[in-house]
Amino acid sequence: MEKPLTILQVSLYHPTLGPSAFANVPPRLQHDTSPLLLGRGQDAHLQLQLPHLSRCHLSLEPYLEKGSAMLAFCLKVLSRKGCVWVNGLTLRYLEQVTLSPVNRLFFSGIQMLVRIEEGTSLEAFVCYFRVSPSPLIYRPEAEETDEWEGISQEQPPPGSGQQTSGCLGFLHGPSQTWDSPPQPRPGGGTEIQLQREPPDSTLC
């Protein structure tokens, strides 16, 4: 009997271009366990023809967590000229983060909501895409710009599953790990330290 696929429900929104920004997005895309590439280049599995998007802007990479028999996913930034905001973290070139069951992304003017519905198949996963008529992220700071210096580092929501300790690189496991457990922050909340790739002089 065929095992059910993990499903990624992906909603997309662009505040100025509207649905025309996603004219080439299929309603359904099934993919194997190699990284799924998003960008404007011919090699991208999900092609978006937007001016500030890199040819390969980011990738969704499935892997198997230690002690789990189901796929998990991390997001990796492949663009040298842009940044990607994921669940309150600003990621730059070659930085990556483990995705939670519900994820909010912002990059190159695009707002994206990714919901992960677990399946038992380890051979493939499927993405369902829809274009949202209304904003998916309500953050006044998240202006449409590649200058991310003014955007504060928000903390992930409780229970978001951001901690990535104990990951096993079964398929394409994330190379980024938590440097230390969350530390108390004055005034409440926690501060999370990430190990990052060496800085690149061409970053935004």
Side-chain angles (χ1 to χ4, degrees), residues 1-14 22 25-39 44-48 56-78 83-91 94-108 110-132 134-139 142 154-178 182 192 194:
M1 183 177 179
E2 188 175 354
K3 296 181 178 180
L5 298 175
T6 295
I7 295 174
L8 273 59
Q9 299 282 0
V10 182
S11 299
L12 299 161
Y13 174 80
H14 196 288
F22 312 110
V25 175
R28 182 182 186 275
L29 176 62
Q30 184 169 325
H31 194 68
D32 58 22
T33 52
S34 63
L36 187 150
L37 303 177
L38 183 151
H45 303 104
L46 183 62
Q47 294 184 22
L48 301 175
C56 285
H57 202 88
L58 59 86
S59 64
L60 293 175
E61 306 189 4
Y63 68 98
L64 189 63
E65 289 184 317
K66 185 177 180 180
S68 174
M70 297 183 180
L71 291 179
F73 293 83
C74 72
L75 181 141
K76 185 175 184 178
V77 179
L78 302 176
C83 304
V84 180
W85 182 88
V86 184
N87 295 335
L89 297 174
T90 301
L91 305 180
L94 295 184
E95 293 180 340
Q96 57 189 1
V97 67
T98 296
L99 294 183
S100 308
V102 179
N103 307 272
R104 289 173 173 81
L105 287 66
F106 181 90
F107 57 95
S108 299
I110 298 171
Q111 296 182 18
M112 180 182 292
L113 179 66
V114 180
R115 298 179 185 271
I116 301 175
E117 301 174 4
E118 293 181 338
T120 56
S121 174
L122 299 179
E123 284 74 40
F125 63 95
V126 62
C127 297
Y128 289 96
F129 297 99
R130 64 176 290 269
V131 178
S132 174
S134 57
L136 301 169
I137 301 173
Y138 294 91
R139 293 182 72 243
E154 295 181 355
Q155 297 303 315
S160 64
Q162 288 283 331
Q163 298 185 22
T164 60
S165 58
C167 292
L168 176 64
F170 170 69
L171 299 170
H172 298 276
S175 60
Q176 176 173 301
T177 58
W178 298 112
I192 297 174
L194 291 173

With rounding to the nearest 0.5 Å, note down the distance linking [atom1] in [X] to [atom2] in [Y].
X: Gln47; Y: Leu38; atom1: CD; atom2: CG; value: 9.5 Å
X: Glu123; Y: Leu5; atom1: CD; atom2: CG; value: 9.0 Å
X: His57; Y: Leu78; atom1: NE2; atom2: CG; value: 9.0 Å
X: Leu113; Y: Leu136; atom1: CG; atom2: CG; value: 5.5 Å
X: Thr33; Y: Leu122; atom1: OG1; atom2: CG; value: 8.5 Å
X: Glu95; Y: Cys74; atom1: CD; atom2: SG; value: 13.0 Å

Side-chain contact test, heavy atoms from C-beta onward, threshold under 4.5 Å: evaluate it for [X] versus [Y] and give yes or no.
X: Tyr63; Y: Thr98; answer: yes
X: Pro135; Y: Gln111; answer: yes
X: Leu58; Y: Leu91; answer: no
X: Val25; Y: Leu12; answer: yes
X: Leu75; Y: Gln96; answer: no
X: Leu46; Y: Phe129; answer: yes
X: Ile116; Y: Asn103; answer: yes
X: Leu99; Y: Leu8; answer: no

[X] to [Y] - nearest heavy-atom pair and separation:
X: Cys83; Y: Phe107; value: O-CB, 3.8 Å
X: Glu61; Y: Ser59; value: OE2-OG, 2.8 Å
X: Ser132; Y: Ser134; value: OG-O, 2.7 Å
X: Cys127; Y: Leu36; value: SG-CD1, 4.1 Å
X: Lys3; Y: Thr120; value: CB-OG1, 3.3 Å
X: Asp32; Y: Phe125; value: O-CE2, 3.3 Å

Enclosure of Glu118 CD (heavy-atom neighbours >12, cutoff 6.0 Å) = no
key: Within 6.0 Å of CD in Gln30, more than 12 heavy atoms from elsewhere   = yes
message = Looking at Asn87 and Arg104, would you say the former's side chain and the latter's main chain have a donor-acceptor pair under 3.5 Å?
response = yes
ask   = Counting distance only, does the side-chain N/O of Ser108 pair as donor-acceptor with the main-chain N or O of Ile110 below 3.5 Å?
value =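 Checking the backbone N and O of Ile110 against the side chain of Ser108, no donor-acceptor pair under 3.5 Å is found.
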